[in-house]
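Below: the structure, in structure tokens.
Each residue takes its place number in the sequence, starting with 1.
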Amino acid sequence: QVQLVESGGGLVQAGGSLRLSCLASGRTVSSYAMGWFRQAPGKERELVAAVSSGGGRTFYTESVKGRFTISRDNAKNTVYLQMNSLKPEDTAVYYCAADAIMAHIVVGARVDYWGQGTQVTVST
């Protein structure tokens with residue numbers, strides 16, 4: 001069983017920054033691709049970013065390219081999402097996720113492990 005715990009969410013004004021962290025425990029996180037999803041009220045869950053197990057490949061949804069950066073520190077079993085130039089439309093609950101196959105995370109076909117979510121609210 002893999003436990004994923006997000007932190008770093010909060011309330012921020014438009015144009016501001018937040019860094020989300022996801023700490024993994026229970027299994028070695030280095031063997032998993034990881035990603036961040038978000039879900040806004042009344043909307044479908046969507047992938048924000050993903051990173052391969054070794055950190056060598058990344059994926060970003062078009063709406064966050066140039067503003068968000070996903071990274072990982074396998075020695076600390078932690079994945080990060082640095083969010084800059086935040087917009088009100090970024091408001092959502094953000095979820096950390098892990099799966100053995102990065103492509104499954106990118107296309108939403110399979111996600112084995114989920115965190116509990118952390119709220120990000122961007123005010124105007």
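Donor-acceptor pairing under 3.5 Å is recorded for the side chains of Gln119 and Thr121. For the 3.5 Å distance criterion, the side chains of Ser17 and Asn84 qualify, holding a donor opposite an acceptor.
Within 6.0 Å of atom CD in Glu44, 12 or fewer heavy atoms from other residues, nucleotides or ligands are found, so the atom counts as exposed in its surroundings.
The side-chain heavy atoms of Thr69 and Tyr80, taken from C-beta on, include no pair separated by under 4.5 Å. Between Ser31 and Ser53 there is no side-chain heavy-atom pair separated by less than 4.5 Å. Between Gln3 and Tyr113, the closest side-chain pair of non-hydrogen atoms is not below 4.5 Å.
At a threshold of 4.5 Å between side-chain heavy atoms, the hydrophobic network of Ile, Leu, Val, Met, Phe, Trp and Tyr places Val120 and Val48 in one connected group. When hydrophobic clusters are built by joining Ile, Leu, Val, Met, Phe, Trp and Tyr residues whose side-chain heavy atoms come closer than 4.5 Å, directly or via intermediates, Met83 is grouped together with Val122.
Classified by interplanar angle (parallel below 30°, tilted 30° to 60°, perpendicular above 60°), the ring pair Tyr95/Trp114 is perpendicular.
Residues Val79 and Trp36 come closest through the heavy atom pair O-CZ2, 3.9 Å. Taking every heavy atom of both residues into account, Leu4 and Cys96 meet most closely at CD1-O, 3.8 Å.
One finds the CG atom of Leu47 at 11.0 Å from the OH atom of Tyr60 (value rounded to the nearest 0.5 Å). Atoms SG and CD, on Cys22 and Glu6 in that order, are 5.5 Å from each other to the nearest 0.5 Å. The OG1 atom of Thr78 sits 4.5 Å away from the CG atom of Leu23 when rounded to the nearest 0.5 Å.
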- Message: What verdict does the side-chain contact (heavy atoms from CB on, under 4.5 Å) test give for Arg72 and Met34, after you've listed the backbone C-alpha separation in whole Å, the side-chain angles of each residue and the deciding distance to 0.1 Å?
- Response: CA-CA 9 Å; Arg72 64 190 299 159; Met34 301 187 72; 3.7 Å; yes
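Paired with Leu18 under the rule side chain to side chain contact (heavy atoms under 4.5 Å, CB included), one option of Leu86, Asp90, Leu81, Leu11 passes, and it is Leu86.
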